[in-house]
Amino acid sequence: MDIGALLKERRERRKETLEEVAFRAGTDPGNLSRIERNRQDLSVNRLIKLCEALEISLSEFFTELEKRAGGNRLSDPTAAFDKETRWLLKTLKTVPPTRRRLILEVTETIAKSGRLA
């Protein structure tokens with residue numbers, strides 16, 4: 001299971017259109033479609049906005065992604081991300097799972113506070 005497919009599955013399970021989710025996430029339907037097909041780089045901030053639009057936390061999203069990978073490391077979890085996000089994910093691999101959740105929660109909080117400013 002890849003990132004784009006998981007986002008699409010979540011959207012379809014909620015019976016929502018690309019337009020509805022894209023509007024709430026502050027993007028356009030074409031961009032969301034490319035993200036769902038892994039044809040568009042995805043930053044952490046964009047992923048957080050999409051998770052919020054789909055009413056799932058970033059930590060829950062990655063937990064689900066890991067679960068679908070059978071508890072194994074994903075073959076290439078960074079493929080859909082930009083350079084900085086790939087670096088962050090590479091670094092996160094060295095951190096114990098409980099600390100990873102904390103880092104994701106802090107990242108989510110920082111992203112939210114930036115949108116409020």
Side-chain angles (χ1 to χ4, degrees):
M1 177 63 65
D2 58 51
I3 292 167
L6 184 55
L7 289 168
K8 181 177 182 176
E9 182 182 307
R10 177 89 176 177
R11 177 182 60 78
E12 289 177 341
R13 191 176 22 198
R14 293 168 51 92
K15 298 183 175 146
E16 293 184 301
T17 65
L18 284 165
E19 291 80 9
E20 291 168 327
V21 175
F23 177 77
R24 287 197 311 273
T27 191
D28 63 83
N31 188 42
L32 178 54
S33 176
R34 287 187 298 276
I35 290 169
E36 287 182 349
R37 292 179 287 127
N38 295 310
R39 305 256 187 245
Q40 174 80 30
D41 281 348
L42 183 62
S43 68
V44 171
N45 284 334
R46 175 69 65 208
L47 180 58
I48 289 169
K49 289 176 185 178
L50 287 168
C51 286
E52 287 174 352
L54 295 168
E55 297 180 341
I56 185 171
S57 74
L58 192 60
S59 59
E60 290 171 322
F61 180 83
F62 278 104
T63 298
E64 180 67 20
L65 200 58
E66 284 181 357
K67 182 174 115 182
R68 290 174 184 232
N72 299 323
R73 291 184 185 243
L74 304 173
S75 59
D76 187 9
T78 62
F81 290 117
D82 60 27
K83 182 180 176 181
E84 291 80 12
T85 304
R86 286 192 295 271
W87 175 84
L88 179 62
L89 290 172
K90 181 180 176 184
T91 303
L92 282 173
K93 288 179 184 179
T94 65
V95 178
T98 54
R99 295 292 185 187
R100 271 187 252 149
R101 265 184 243 107
L102 179 61
I103 292 168
L104 290 171
E105 289 169 8
V106 168
T107 303
E108 197 167 24
T109 300
I110 290 169
K112 285 179 184 177
S113 69
R115 287 192 300 274
L116 297 175

Would you mind reporting whether [Y] and [X] have side-chain heavy atoms less than 4.5 Å apart?
X	Y	answer
Leu50	Leu42	yes
Thr98	Leu102	no
Glu12	Glu36	no
Leu7	Leu47	yes

Pair listing, salt bridge (Lys or Arg N to Asp or Glu O under 4.0 Å) test, anchored in residues 22-35, at least two apart
Glu16-Arg24
Identify, with sequence neighbours excluded, every residue that meets side-chain contact (heavy atoms from CB on, under 4.5 Å) alongside Thr107.
Val44, Ile48, Ile103
Could you work out, with side-chain contact (heavy atoms from CB on, under 4.5 Å) as the rule, every residue matching Ser33, not counting sequence neighbours?
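Once residues adjacent in sequence are excluded, the partners of Ser33 under the side-chain contact (heavy atoms from CB on, under 4.5 Å) criterion are Leu18, Arg37.
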Salt bridge [X]-[Y], side-chain N to carboxylate O under 4.0 Å:
X	Y	value
Arg14	Glu20	no
Lys49	Glu52	no
Arg10	Glu60	no

How far apart are the closest heavy atoms of [X] and [Y], and which atoms are they?
X	Y	value
Val21	Arg11	CG2-CG, 3.6 Å
Arg46	Thr27	NH1-CB, 3.5 Å
Val95	Arg100	O-NE, 2.9 Å
Ser59	Leu104	CA-CD1, 4.0 Å

Going from [atom1] on [X] to [atom2] on [Y], what distance comes out if it is rounded to the nearest 0.5 angstrom?
X	Y	atom1	atom2	answer
Phe62	Ile3	CZ	CD1	5.5 Å
Glu108	Asn45	CD	CG	11.0 Å
Ile35	Lys8	CD1	NZ	13.5 Å

